[in-house]
Amino acid sequence: IYLSGVFRALNATWFVHNNEVLFFRDNIFFLMGVLLFLYKTKHVNGAYFLIASLAMAIVCYWQQGLENTIAALIAWFAIAYVTFQNPVTTFLGTISYSLYITHHATGISAEFILRNLTGMSPPEPLRTIMVFVYAGCAIVFAWLFYLAVEKPFIRFSQKISSKIKK
């Protein structure tokens, strides 16, 4: 019930702001992530997850369009139902928080630089290639951020935690 209220409240902001404010434009992706987290941690049951998933997919389509909805749902259901481990997924899991908090700024910066180098309206094949370049830049920056910021703070928090327990 709580998630339903949050879902309605955050999506109501979209009606007010529509595409004028970037934060509100993408809140459906945030809410889909919250629902997925609640499902994976067993805070919501399968029936609620499926019903809320359907509602969020409809809202996502309405707000984001077909291509973004398909991309979000592929990633979302892969995270929910596919389990595998290899060095790539382990690495991405390790840097996932850093990637989460830096990807938007890194992607926008990379896009700005590359668009200025190639022109403002690159042809379709080049746009697709540029998306992969943006993703690569975001992953590299997240890894550096993880090494320089996140990992030292994890060690620091462990030291503090062990002192508090004594």
Any side-chain heavy-atom pair of [X] and [Y] under 4.5 Å:
X	Y	value
Y48	L38	no
W62	I28	no
E150	I95	no
I108	Y134	no
W76	S53	yes
V149	S98	no
L92	V88	yes

Is [Y] reachable from [X] through a run of hydrophobic residues whose side-chain heavy atoms are each under 4.5 Å from the next?
X	Y	value
F29	F37	yes
F77	I79	yes
I154	F145	no
F141	W143	no
F30	M32	yes

Would you say [X] has more than 12 foreign heavy atoms packed within less than 6.0 Å of its [atom1]?
X	atom1	value
Y81	OH	yes
F91	CZ	yes
Y100	OH	no
Y61	OH	no

Exam field: side chain [X] to backbone [Y], donor-acceptor pair closer than 3.5 Å:
X	Y	value
T69	C60	yes
S161	S157	no
S96	G93	yes

When rounded to the nearest 0.5 angstrom, what distance separates [atom1] in [X] from [atom2] in [Y]?
X	Y	atom1	atom2	value
F84	T90	CZ	OG1	10.0 Å
C137	H103	SG	NE2	14.0 Å
L36	T41	CG	OG1	9.0 Å

| said: Please give me the minimum heavy-atom distance between L99 and A138, naming the atom from each residue. | reply: CD1-O, 3.6 Å
| said: The test is side chain to side chain contact (heavy atoms under 4.5 Å, CB included); show your working for L31 and L35 and say whether it passes. | reply: CA-CA 6 Å; L31 292 171; L35 177 62; over 6 Å; no
